[in-house]
There are 2 protein chains.
Amino acid sequence: MSSVLHHPPAGVARDLIAARGGRATRTRIAVIEALQACAHPMSHDELGAALDAAGVAHDRVTLYRALEWLVGQGIATRIAGGERAWRFELRGDDSHRHAHFHCERCGQIVCLEDVAVTSAPPLPAGFELDRSELVLHGACADCGRQREGRR
Amino acid sequence: MSSVLHHPPAGVARDLIAARGGRATRTRIAVIEALQACAHPMSHDELGAALDAAGVAHDRVTLYRALEWLVGQGIATRIAGGERAWRFELRGDDSHRHAHFHCERCGQIVCLEDVAVTSAPPLPAGFELDRSELVLHGACADCGRQREGRR
DNA sequence: CTGTTAATGCTACTATGTTGCATCAATCAA
DNA sequence: TTGATTGATGCAACATAGTAGCATTAACAG
Ligand SMILES: [Mn+2]
Ligand SMILES: [Mn+2]
Ligand SMILES: [Zn+2]
Ligand SMILES: [Zn+2]
């Protein structure tokens, strides 16, 4: 009767936060649960709407700061889409870093779990790699189909 | 007495523009020449400064529109760095698409000519790929060295 | 040279993100 | 349970990147 997606185990979010010595606040908990319940990386705006839906009061700035903290703690990661806004997703297994697809028509970012990101590229001497981001741009299936129909 | 980098062949910029049926204006020519003279992808701000240096009057918006046009025509390409601003470089051989390195300390974007970008990743059915972007984040040689010295 | 119209310059506006500071509330020790 | 501590919040103000409308200018075809 309850899916993992929409009803994550109680306390998991609180524990993730507490484990880093942070305070388990409404905002942080709601953000983590929203990210757990969503299949794609979410934008600040999407998360704001999710908090609304969950009945969690949210100040714009507080949400920015909550996300900043989650990323700083390694609980979430940021993905740069094609636009100026960041997308966020929970940080999974580091051995399973994947690429993302940005649909230039609907703006969605889709996780490409099957597309791995080069982890040890040949860098010039002295360069230190922190992380890699592979973003593919184009049209998603839905948007592509729409165009087909329109011909 | 003249390097290709700093003194590109006269008329090349004009020709690039004219070939697409566009008007060879001060701004467009100066932007192309600035990009030719620079080894790394340039930001809007950097380009503005370059136009200043070249004595070419430039309105903020005009520069945005010139870049938009160059990208639309396939003369230049945009690279999303780690921040919100775009970087621009002249579009070279399409068979030689390369990755970029974003130094999180100095903000520079470096071209990694040796790191190729996956051109045919396994996409879900119906997805259409337009272009791929591989951006590596970390510290460049200069910034890494600085940190070494500071220990 | 002249007329046509693409491109410019300027103003105003939007979206995204940041900073400072007073206030509030999550946590911990008593 | 209560109170003190201080991390997190809410709000106002600011910053930066980019966009839209429109009158004016200048590139260039003829
Ligand atoms: Mn993902
Ligand atoms: Mn490059
Ligand atoms: Zn789409
Ligand atoms: Zn650097």
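Residue numbers start from 1 in every chain, and the chains themselves are labelled A, B, ... in the order their sequence lines are given, proteins ahead of strands.
Atom CG in A:D45 sits about 9 Å away from atom P in C:dG17, given to the nearest Å. Per the geometry, CZ belonging to A:R78 stands 15 Å off P belonging to C:dT16, to the nearest Å. The interatomic distance linking A:D59 (CG) with C:dG17 (C1') rounds to 13 Å, in whole Å. Atoms CZ (B:R84) and P (D:dG18) sit 8 Å apart, rounded to a whole Å. The distance between atom CD of B:E83 and atom P of C:dG17, rounded to the nearest whole Å, is 12 Å. Rounded to an integer number of Å, the gap from CZ of B:R23 to P of D:dA29 is 9 Å. One atom, OH of B:Y64, and another, C1' of C:dG9, lie 15 Å apart when rounded to the nearest Å. Separating the CZ atom of A:F88 from the C1' atom of C:dG17 is a distance of 10 Å, rounded to the nearest angstrom.
If you check every strand for non-hydrogen atoms under 4.0 Å, A:R60 touches a base. Backbone-only engagement by A:T25 is indicated by non-hydrogen atom pairs under 4.0 Å involving sugar-phosphate atoms exclusively. Backbone-only engagement by A:A24 is indicated by non-hydrogen atom pairs under 4.0 Å involving sugar-phosphate atoms exclusively.
For the 3.5 Å distance criterion, the side chains of A:E89 and A:H40 fail to qualify, holding no donor opposite an acceptor.
Side-chain atoms of B:E68 lie closest to D:dT19 of the nucleotides C:dT16, D:dT19, D:dC11. The side chain of A:T62 lies closest to D:dG10 when the candidates are D:dA8, D:dA26, D:dG10. Among the nucleotides D:dA8, D:dC28, C:dC21, the one closest to any side-chain atom of A:R65 is C:dC21.
Between B:R131 and B:E133 a salt bridge is recorded (basic side-chain N to carboxylate O distance below 4.0 Å).
Applying side-chain hydrogen bond (donor to acceptor under 3.5 Å, both in side chains) to B:H102 and the options B:Q108, B:H137, B:R87 leaves one that passes, B:H137.
OP1 or OP2 of D:dT9 has at least one side-chain nitrogen or oxygen of A:T27 nearer than 4.0 Å. An OP1 or OP2 oxygen of C:dG17 is reached within less than 4.0 angstrom by a side-chain nitrogen or oxygen of A:W86. Using a 4.0 Å cut-off, some side-chain N or O of A:R26 falls inside it from OP1 or OP2 of D:dG10.
No donor-acceptor pair closer than 3.5 Å links the side chain of B:T118 to the backbone N or O of B:P121.
Nucleotides of DNA chain D nearest to A:A66 and B:H44 differ in position, and the one nearer the 5' end is that of A:A66.
Between B:H98 and B:H100, the ring centre distance stays below 6.0 Å.
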